[in-house]
Asks: 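I have a structure here, written as structure tokens, and I will follow up with some questions on it.
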Amino acid sequence: MSDFMIRDLLAGKVAEGSQITIKGWVRTRRDSKAGFSFVGVHDGSSFDPIQVLAENTLPNYESEILKLTTACAVIVKGELVPSPAQGQALEIKATSVEVVGWVEEPDTYPMAPKRHSMEYLREQAHLRPRTNIIGAVTRVRHTLAQAVHRYFDQRGFFWIHTPIITASDAEGAGAMFRVSTLDLANLPRTQSGAVDFSQDFFGREAHLTVSGQLNVEAYCLAMSKVYTFGPTFRAENSNTSRHLAEFWMIEPEIAFADLSADADLAEDFLKYIFTALLDERPDDMAFFNKFVDKGCIERLESFVKSSFERVEYTEAVKILEAAAKTQKFEFPVAWGTDLQSEHERYLTEKHFKKPVVVMNYPKEIKAFYMRLNDDGRTVAAMDVLAPGIGEIIGGSQREERLDVLDARILEGGLELEDYWWYRDLRRFGTVPHAGFGLGFERTINYATGIENIRDVIPFPRTPRNADF
RNA sequence: UCCGGCGUAGCUCAGUGGUAGAGCGAUCGGCUGUUAACCGAUUGGUCGUAAGUUCGAAUCUUACCGCCGGAGCCA
């Protein structure tokens with residue numbers, strides 16, 4: 001008698017008639033006065049639970065089985081048999097049902113077998129993985145993460161564990177969380193009265209990273225093809241369905257590459273991970289397609305079949321200016337300003353009706369490290385826009401010329417010394433290189449149709465919320 | 001951070017100045033090779049917190065706390 005995951009039983013990987021053991025939690029119990037009960041048992045390995053037939057000849061039928069409620073932990077031994085009724089091909093005819101853990105006070109167990117609001121489930125973050133929807137999200141998140149690593153590994157990329165703590169106080173992208181061991185109630189001061197960070201743990205100010213990009217560039221210029229995939233922290237006071245204070249980001253970086261190669265990589269990468277998801281999680285995707293977002297499977301299938309449209313920013317502005325004559329935009333369109341989400345949605349949903357890569361933006365609205373184009377007014381930046389969500393990837397070719405990089409740093413009012421090692425990369429064997437950033441949670445939102453980013457990460461951290 | 005909305009039973013909500021309600025859940029019973037079953041009964045509340053107006057406040061006022069949506073920032 002061997003242990004099996006319910007997934008393997010339902011997939012037909014175990015012969016009918018086999019003696020088996022399963023370990024899991026009760027989802028539902030239905031009793032028949034004919035002298036038996038049906039117990040749905042779930043172990044997280046698949047969307048569907050397996051049905052256990054428990055007859056009143058079992059010694060603990062009256063004393064325990066008839067008292068099982070949702071979430072009781074059980075070990076079931078029995079025979080895998082064909083089911084005589086509709087609804088499932090196989091079931092387990094139990095020879096023993098051992099109750100490992102009971103549910104105290106079933107009337108107040110927070111996860112009733114009914115539909116709960118997503119807001120309520122967030123308040124029960126420790127119990128919500130037991131629900132159909134969060135269980136499905138969990139498997140999808142895992143499958144996408146595995147697909148990310150497999151894609152890069154098979155193409156010779158190295159996964160670089162860039163630091164979580166950074167002593168660089170000049171990463172640029174938004175507010176940062178401070179990392180310190182100083183006693184907040186008794187801060188050391190310098191003679192001028194400022195906080196004396198030389199006495200802090202790192203001997204200087206330190207923060208949680210907002211991006212692994214600058215660090216990963218160093219490894220790119222040695223290992224050729226690299227990526228980061230890890231947590232990222234932003235201390236912005238953002239209260240939206242698309243922002244987290246702690247989220248996971250994927251940032252590939254490739255050497256001897258220009259913006260076009262970067263866009264090629266983004267397109268191939270996204271199609272790969274979404275194809276893997278459709279292939280490997282059909283049951284979970286069917287659930288999302290039925291109960292969460294009726295178009296999500298078709299949207300993904302269409303996404304992986306499309307060839308991405310590529311358009312210059314300048315050209316995109318012309319398209320939008322022409323469209324503005326017949327289409328009302330809340331915000332005006334003009335060369336030199338960033339595209340609003342309504343503009344991005346128009347391009348990808350109405351005009352091209354497919355994923356779009358917008359390339360070469362005005363330098364004033366983009367970061368200092370993006371490569372200055374020959375026209376002197378644009379940089380080699382790109383955004384990948386997808387129907388139904390808008391921006392899903394932001395990337396660029398990096399400025400590899402030291403003199404141009406220095407000028408851009410100074411233009412931005414930044415200090416050269418703060419970027420000394422980043423600048424070194426341009427002094428010693430510099431090459432054209434490029435990369436992009438993909439928000440992992442936003443990718444899951446897009447794939448599943450779940451609207452709120454707090455529902456696709458196990459324990460969300462947002463302003464005023466770090467419970468659990 | 002700004003704008004808007006919402007806090008009533010375990011959950012989802014109704015109740016807009018006069019005895020606190022429904023559905024679901026849970027519990028008990030009935031029925032059924034059942035499928036988030038079905039039928040009946042039972043259970044269930046400091047109406048977010050504090051102060052105020054009033055003969056009387058879930059309901060009106062003020063403050064605070066929390067949550068949701070949109071905007072900005074971005075991934």
Side-chain angles (χ1 to χ4, degrees), chain A residues 27-40 42 48-55 66-67 69-71 81-88 91 93 103-124 127 131-133 172-175 209-213 228-229 231-251 287 291 330-331 338 340-342 344 365-367 383-384 389-395 436-446 451-457 462-465 467:
Chain A
R27 274 289 172 78
T28 57
R29 189 195 88 231
R30 296 176 294 276
D31 304 318
S32 168
K33 275 297 172 277
F36 48 87
S37 296
F38 299 105
V39 184
H42 195 264
D48 290 309
I50 195 163
Q51 176 162 288
V52 170
L53 174 66
E55 297 177 302
L66 285 180
K67 293 173 182 165
T69 60
T70 302
V81 297
S83 178
Q86 296 291 313
Q88 61 284 315
E91 63 189 27
K93 188 177 176 188
V103 169
E104 293 179 12
E105 302 179 74
D107 57 327
T108 59
Y109 176 61
M111 296 290 106
K114 55 172 282 188
R115 195 161 190 154
H116 289 292
S117 67
M118 298 308 284
E119 292 81 7
Y120 174 71
L121 292 179
R122 259 170 243 153
E123 294 170 4
Q124 309 290 339
L127 300 174
T131 61
N132 280 334
I133 188 166
T209 184
V210 294
S211 165
Q213 182 201 315
T228 71
F229 186 3
T232 305
F233 306 88
R234 304 271 167 95
E236 301 287 350
N237 190 6
S238 295
N239 293 287
T240 81
S241 60
R242 301 175 305 284
H243 291 84
L244 291 167
E246 175 182 300
F247 64 99
W248 286 59
M249 189 154 63
I250 298 153
E251 297 171 291
F287 172 81
F291 291 108
E330 189 184 342
F331 295 92
D338 212 354
Q340 298 290 323
S341 20
E342 59 174 343
E344 296 177 341
I365 59 174
K366 292 293 183 182
D383 283 348
V384 179
I389 193 173
E391 181 179 339
I392 189 168
I393 278 180
F436 62 79
L438 173 71
F440 189 49
E441 284 77 19
R442 288 185 182 179
T443 307
I444 302 169
N445 281 132
Y446 177 69
E451 291 178 348
N452 198 307
I453 198 165
R454 298 161 190 149
D455 301 322
V456 297
I457 189 167
T462 52
R464 294 178 302 281
N465 180 15
D467 298 341

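Just so we're on the same page: letters track the sequence lines, and every chain starts at 1. As a basis for the values below, the full set of heavy atoms in this structure was taken, side chains included, without hydrogen atoms, waters or symmetry mates.
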Asks: Both distances below 3.5 Å, Watson-Crick or wobble geometry, any strand: find the nucleotide opposite C13(B).
Replies: G21(B)
Asks: What is the distance from atom OH of Y120(A) to atom CE of M111(A), rounded to the nearest 0.5 Å?
Replies: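 The CE atom of M111(A) is 4.5 Å from OH of Y120(A), to the nearest 0.5 Å.
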Asks: When we call it a touch if two heavy atoms are under 4.0 Å apart, what does R122(A) touch: a base, just sugar-phosphate, or nothing?
Replies: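 Contact class for R122(A): sugar-phosphate only.
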Asks: Could you tell me whether L244(A) contacts a base, only the sugar-phosphate backbone, or nothing, with contacts defined as non-hydrogen atoms closer than 4.0 Å?
Replies: base
Asks: Between U59(B) and A41(B), how far apart are the two P atoms, rounded to whole Å?
Replies: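 After rounding to an integer number of Å, I get 33 Å for this pair.
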Asks: Counting only distance, no hydrogens or angles, is the base of U34(B) paired donor-acceptor with the side chain of Q88(A) under 3.5 Å?
Replies: yes
Asks: Distance check needed: G72(B) P versus R234(A) CZ, whole Å only.
Replies: 17 Å
Asks: With no angle test and no hydrogens, is the base of C74(B) tied to the side chain of H243(A) by a donor-acceptor pair under 3.5 Å?
Replies: yes
Asks: How many whole angstroms separate atom CZ of F291(A) from atom C1' of A36(B)?
Replies: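 Value for this atom pair: 9 Å.
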Asks: Nearest whole angstrom, please: distance from the C1' of C73(B) to the CG of D338(A).
Replies: 11 Å
Asks: With rounding to the closest Å, how many angstrom separate the P atoms on U8(B) and C3(B)?
Replies: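 These two P atoms come out 25 Å apart once rounded.
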Asks: Touch check for P110(A), heavy atoms < 4.0 angstrom, all strands: base, sugar-phosphate only, or nothing?
Replies: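 Nothing, no nucleic acid heavy atom in range.
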Asks: Is the closest side-chain heavy-atom distance between E55(A) and L53(A) below 4.5 Å?
Replies: yes
Asks: Mind checking E251(A) for me? I need base, sugar-phosphate or nothing, with any heavy atom below 4.0 Å counting as a touch.
Replies: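 Answer is nothing: E251(A) stays at 4.0 Å or more from every strand.
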Asks: Could you give the distance from NZ (K366(A)) to CG (D383(A)), rounded to the nearest 0.5 Å?
Replies: 4.0 Å
Asks: Partner of A50(B) by Watson-Crick or G-U wobble geometry, both contacts under 3.5 Å, or none?
Replies: U62(B)
Asks: For atom C1', what is the distance between A9(B) and A22(B), given to the nearest Å?
Replies: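 Taking atom C1' in both A9(B) and A22(B), they lie 11 Å apart.
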Asks: Taking CG from L438(A) and P from C74(B), how many angstroms apart are they, rounded to a whole number?
Replies: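 To the nearest whole Å, that distance equals 18 Å.
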Asks: Could you give the distance separating G5(B) and G44(B) at their P atoms, to the nearest angstrom?
Replies: 37 Å
Asks: Say you pick atom C1' in C28(B) and the same atom in A20(B); how far apart are they, in whole Å?
Replies: 26 Å
Asks: For T28(A) and R30(A), test the side chains for any donor-to-acceptor distance below 3.5 angstrom and give the result as yes or no.
Replies: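 Yes, a side-chain donor-acceptor pair sits under 3.5 Å.
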Asks: Within the 4.0 Å heavy-atom criterion, would you say N239(A) contacts the bases, only the backbone, or no part of the nucleic acid?
Replies: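 Answer is base: heavy atoms of N239(A) come under 4.0 Å of a base.
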Asks: So, do R29(A) and T70(A) sit near enough that their side-chain heavy atoms are less than 4.5 Å apart?
Replies: no
Asks: Let's see if you can work this out: which of U34(B), C73(B), U32(B) has an atom nearest to the side-chain heavy atoms of D31(A)?
Replies: U32(B)
Asks: Quick one: which of C11(B), G72(B), U34(B) gets closest to the side chain of T240(A)?
Replies: G72(B)
Asks: Regarding T69(A), tell me which of base, sugar-phosphate or nothing describes its non-hydrogen contacts under 4.0 Å with the strands shown.
Replies: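 It contacts sugar-phosphate atoms only.
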Asks: Assign each of P463(A) and G437(A) to its nearest nucleotide of RNA chain B by heavy atoms, then name whichever residue's nucleotide is nearer the 5' end.
Replies: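 Result of the comparison: P463(A).
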Asks: Give one of base, sugar-phosphate or nothing for Y120(A), where a contact means two heavy atoms less than 4.0 Å apart.
Replies: sugar-phosphate
Asks: Parallel, tilted or perpendicular for F36(A) and F38(A), by the 30°/60° rule?
Replies: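 Ring orientation, 0 to 90° scale: perpendicular.
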Asks: Rounded to the nearest angstrom, tell me the gap between atom CZ in R29(A) and atom P in G33(B).
Replies: 17 Å
Asks: Once hydrogens and angles are ignored, does a donor-acceptor distance under 3.5 Å link the base of C73(B) to the side chain of S238(A)?
Replies: yes
Asks: Taking C31(B) as the reference, what is the distance to A37(B) when you measure between their C1' atoms (whole Å, please)?
Replies: 11 Å
Asks: Quick one about Q88(A) and S83(A) (side-chain donor to acceptor, distance below 3.5 Å, no hydrogens or angles considered), yes or no?
Replies: yes
Asks: Mind checking the P distance from A58(B) to A50(B)? Whole angstroms is fine.
Replies: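 Approximately 13 Å lies between the P atom of A58(B) and that of A50(B).
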Asks: Looking across every strand, which nucleic acid part, if any, lies under 4.0 Å from R454(A) by heavy atom: base, sugar-phosphate, or nothing?
Replies: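 Sugar-phosphate: the residue R454(A), judged by heavy atoms under 4.0 Å, touches backbone atoms but no base.
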Asks: Could you state the CD-C1' distance from E123(A) to U12(B), rounded to the nearest angstrom?
Replies: 13 Å
Asks: Do R27(A) and N132(A) meet the criterion of a side-chain donor-acceptor pair at a distance under 3.5 Å?
Replies: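 There is such a pair (donor and acceptor under 3.5 Å, judged by atom type) between the side chains of R27(A) and N132(A).
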Asks: Quick check for you: among C67(B), A71(B), U34(B), whose closest atom lies nearest to any side-chain atom of R242(A)?
Replies: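 The nucleotide sitting nearest to the side chain is A71(B).
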Asks: On the side chain of S83(A), is there an atom forming a donor-acceptor pair with the base of G33(B) - under 3.5 Å, no angle test?
Replies: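 Flag set: donor-acceptor pair detected.
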Asks: Could you check N237(A) against I393(A) and say which one's nearest nucleotide on RNA chain B is further toward the 5' end?
Replies: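 Result of the comparison: N237(A).
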Asks: With both distances kept under 3.5 Å, what pairs with C73(B), Watson-Crick or G-U wobble?
Replies: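 With both distances under 3.5 Å required, C73(B) matches none.
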Asks: Could you tell me the separation between the CG atom of N132(A) and the P atom of A36(B), rounded to a whole number of Å?
Replies: 10 Å
Asks: Without swapping roles, check the side chain of T240(A) against the backbone of R242(A) for a donor-acceptor pair under 3.5 Å.
Replies: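 Confirmed, T240(A) side chain pairs with R242(A) backbone.
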Asks: Need one value for S32(A): base, sugar-phosphate or nothing, where a base atom within 4.0 Å counts as base even if backbone is also close, heavy atoms only.
Replies: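 Base, at least one base atom sits under 4.0 Å.
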Asks: Please state whether the phosphate of A37(B), meaning OP1 or OP2, lies under 4.0 angstrom from any side-chain nitrogen or oxygen of R30(A).
Replies: yes
Asks: In whole Å, measure the gap between the P atoms of G7(B) and C47(B) for me.
Replies: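 Looking at atom P only, G7(B) and C47(B) are 15 Å apart.
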Asks: Rounded to whole angstrom units, what separation is found between the CG atom of L66(A) and the P atom of G30(B)?
Replies: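 Nearest whole value for this atom pair: 12 Å.
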Asks: Please determine whether any donor N or O and acceptor N or O are separated by less than 3.5 Å between the side chain of Q51(A) and the base of U34(B).
Replies: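 Such a pair is found, so the answer is yes.
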Asks: Is the phosphate of G70(B) approached by S241(A) (side-chain N or O, under 4.0 Å from OP1 or OP2)?
Replies: yes
Asks: Provide the Watson-Crick or G-U wobble partner of G4(B), both distances under 3.5 Å; none if there is no partner.
Replies: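 Across all strands, the one nucleotide that pairs with G4(B) is C68(B).
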